[in-house]
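To keep things clear, I will list the structure first and then write my remarks on it.
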Amino acid sequence: MAVRAGVVVTGSEVLAGRVSDRNGPWVARQLLQMGVDVAHLTVCGDRPADLTAQVQFLADQHVDLIITTGGLGPTADDLTVETVAALYGREMHLDVELEGRITSIVERWRSRLGSVADSEPLRAGVRKQAMVPAGAQSISPTGTAPGVAMADDSGTLPTVLILPGPPSELQSMWPEAIESAPVAAVLAQRTSVTEDTIRAYGLSEADLAATLRTAESSIAGFGDLAITTCLSRGELEMVTRYEESAAAAYSDVLALIEQHHGAQLFSTDGSTIDDIVAARAGGRRIATAESCTGGMIAARLTDRAGSSAYVVGGVVSYANEVKIGSLDVPADMIDELGAVSEPVAARMAEGALHRVGADVAVSTSGVAGPGGGTEAKPVGTVCFGIAVTGRPTVTRTLRLPGDRASVRALSVTVAMHMLADALSDAANA
């Protein structure tokens with residue numbers, strides 16, 4: 001790829017774990033979608049020496065573009081612009097027009113709050129944020145902190161784009177930032193890059209790696225493919241980025257993977273299991289009956305816009321009395337077999353089907369841990385049920401690995417795939 005970038009997230013609060021980094025992954029994803037190769041994503045504290053070291057490191061790696069986030073506020077420890085300007089040998093000067101824009105924003109906030117008095121510290125904060133390196137282009141703020149785009153006249157340092165830390169501000173400013181003259185000049189050098197994603201369920205990373213080793217030794221042009229694999233929540237994702245000249249190589253790799261692992265592949269066009277459930281619903285009404293997952297399946301289904309077209313509702317039957325009273329599970333069945341059993345999971349799904357008025361229902365009942373396990377039903381044991389109007393109810397039991405959070409997350413994945421299969425079977429019946 002012709003253009004390489006590095007991202008520096010600044011903030012001691014991120015390093016300390018008090019705040020999760022939402023900017024770095026978001027910026028990296030935007031760049032990748034534009035055909036820019038993100039070579040480094042780093043986090044550093046607010047000290048100028050640390051930021052200088054990070055920017056210099058990226059320059060030494062010969063990236064074409066550096067994007068920093070954070071450190072643009074009015075306080076004394078917001079030093080990103082000054083620090084980068086010093087490294088690039090630029091004097092700071094007051095942008096009077098920018099100062100006026102920031103003042104107008106502050107005035108609007110003051111009028112809404114009605115209690116923030118004008119003061120010299122407030123005016124000093126505005127002036128500080130309106131200081132711009134000589135020759136740099138400012139990016140209009142959506143909060144009070146403007147961005148800065150700056151190219152190096154000598155050509156020895158990368159172009160740098162400095163953006164604020166609040167994610168909403170950064171994302172709102174992004175379109176103008178990438179159209180600024182210094183950044184646009186870098187992006188104009190990029191080549192056309194395609195990104196394809198395949199997703200598999202029930203396929204191990206080791207098995208996929210073995211197939212990719214076969215591809216490496218047998219497929220011409222394999223080295224021109226940038227392949228990354230990631231196992232998340234029980235699904236294996238393979239993302240491949242390549243230029244047009246390597247399209248044939250990717251097609252050959254995909255054919256080889258389909259030959260070896262076709263039964264485990266559920267998507268070769270990037271579709272998620274959520275996309276597939278939505279597409280297969282086809283007017284059928286879905287309900288959930290959850291015990292160990294505590295409503296997580298319903299939340300996953302309804303997280304998607306437009307899901308009201310096919311999701312009816314659900315029952316979180318954590319307690320046995322709710323399974324009995326709201327889902328019509330026989331009390332003697334629970335007494336005899338225990339709540340974590342396939343017959344109970346089946347009756348939960350059937351109860352949701354009839355009580356909610358759905359066409360398809362999925363259920364979970366399990367031992368998520370850390371306590372509650374037995375020799376017969378250890379922690380991680382989860383029973384699933386799928387009930388479809390006019391068809392026999394399907395059940396299965398799995399022993400899922402990990403801690404409580406992992407067992408619950410994996411249970412949701414299993415339920416989504418069972419639901420997708422049930423919808424497919426119903427459509428083909």
Side-chain angles (χ1 to χ4, degrees), residues 201 233 266 271-366 368 382-398 407-429:
Y201 176 64
R233 297 188 297 185
F266 68 89
S271 298
T272 65
I273 192 62
D274 305 66
D275 297 329
I276 292 169
V277 167
R280 291 180 181 176
R284 293 177 182 82
R285 295 154 60 85
I286 300 171
T288 60
E290 303 181 60
S291 183
C292 64
T293 48
M296 294 170 65
I297 302 170
R300 175 82 170 264
L301 288 167
T302 56
D303 189 51
R304 185 184 187 87
S307 57
S308 59
Y310 52 89
V311 179
V312 184
V315 177
V316 177
S317 54
Y318 211 62
N320 287 342
E321 53 265 33
V322 180
K323 294 180 179 70
I324 296 166
S326 298
L327 294 173
D328 302 322
V329 179
D332 56 358
M333 178 183 286
I334 295 177
D335 292 339
E336 179 183 354
L337 302 175
V340 182
S341 62
E342 290 190 12
V344 168
R347 293 301 290 265
M348 288 171 62
E350 292 163 358
L353 196 72
H354 300 129
R355 286 291 192 108
V356 178
D359 304 301
V360 183
V362 60
S363 67
T364 59
S365 185
V382 182
C383 299
F384 302 85
I386 289 281
V388 180
T389 300
R391 299 175 66 86
T393 298
V394 175
T395 59
R396 67 184 303 192
T397 300
L398 293 175
V407 169
R408 282 156 57 94
L410 290 171
S411 295
V412 175
T413 298
V414 174
M416 292 294 288
H417 280 272
M418 291 182 69
L419 188 55
D421 290 344
L423 290 167
S424 178
D425 292 341
N428 295 329

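Counting begins at 1 with the first residue of the sequence.
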Pairwise distance [atom1]([X]) to [atom2]([Y]) - rounded to 0.5 angstrom:
{"X": "Ile276", "Y": "Ser424", "atom1": "CD1", "atom2": "OG", "answer": "10.0 Å"}
{"X": "Ser291", "Y": "Leu327", "atom1": "OG", "atom2": "CG", "answer": "10.0 Å"}
{"X": "Asn320", "Y": "Met333", "atom1": "CG", "atom2": "CE", "answer": "12.5 Å"}

Legend entry - Thr364 and Thr293: side chain donor to acceptor below 3.5 Å: yes

Inset, instruction - For Thr393 and Glu350, test the side chains for any donor-to-acceptor distance below 3.5 angstrom and give the result as yes or no. - result: yes

Inset, instruction - Let me see the working for Arg304 and Asp275 under salt bridge (Lys or Arg N to Asp or Glu O under 4.0 Å), right down to the final yes or no. - result: CA-CA 9 Å; Arg304 185 184 187 87; Asp275 297 329; 2.7 Å; yes

Got [X] and [Y] here, is their nearest side-chain heavy-atom distance under 4.5 Å?
{"X": "Arg284", "Y": "Val312", "value": "no"}
{"X": "Glu336", "Y": "Asp332", "value": "no"}
{"X": "Tyr201", "Y": "Thr413", "value": "yes"}
{"X": "Met416", "Y": "Asp274", "value": "yes"}
{"X": "Val382", "Y": "Thr397", "value": "no"}

Legend entry - Test applied, side chain to side chain contact (heavy atoms under 4.5 Å, CB included); reference residue, Val277; option that passes from Thr272, Val360, Leu423: Leu423

Inset, instruction - Check the pair Val344, Ser341 against side-chain contact (heavy atoms from CB on, under 4.5 Å), reporting the backbone distance first and the verdict last. - result: CA-CA 5 Å; Val344 168; Ser341 62; 3.2 Å; yes

Please find the pair of heavy atoms, one from [X] and one from [Y], that lie closest to each other, and give the distance.
{"X": "Ala368", "Y": "Val407", "value": "CA-CG1, 3.9 Å"}
{"X": "Met348", "Y": "Ser365", "value": "SD-CB, 4.0 Å"}
{"X": "Val388", "Y": "Ala426", "value": "CG1-CB, 4.3 Å"}
{"X": "Ser326", "Y": "Arg355", "value": "O-CG, 3.3 Å"}
{"X": "Ala387", "Y": "Leu353", "value": "O-CD1, 3.7 Å"}
{"X": "Thr395", "Y": "Ala346", "value": "CG2-CB, 3.6 Å"}

Quick check: does any side chain N or O of [X] sit under 3.5 Å from a backbone N or O of [Y], one acting as donor and the other as acceptor?
{"X": "Asp359", "Y": "Thr389", "value": "no"}
{"X": "Lys323", "Y": "Asp328", "value": "no"}
{"X": "Ser363", "Y": "Ala345", "value": "yes"}
{"X": "Arg408", "Y": "Cys292", "value": "yes"}
{"X": "Glu290", "Y": "Ile297", "value": "yes"}
{"X": "Arg396", "Y": "Gly385", "value": "no"}

Legend entry - Criterion side-chain contact (heavy atoms from CB on, under 4.5 Å) on Arg280 and Asp421, from CA distance to verdict: CA-CA 9 Å; Arg280 291 180 181 176; Asp421 290 344; 4.3 Å; yes

Legend entry - Stepwise side-chain contact (heavy atoms from CB on, under 4.5 Å) check, Ser307 with Leu301: CA-CA 7 Å; Ser307 57; Leu301 288 167; 5.6 Å; no

Inset, instruction - Classify the angle between the aromatic ring planes of Phe266 and His417 as parallel (below 30°), tilted (30 to 60°) or perpendicular (above 60°). - result: perpendicular

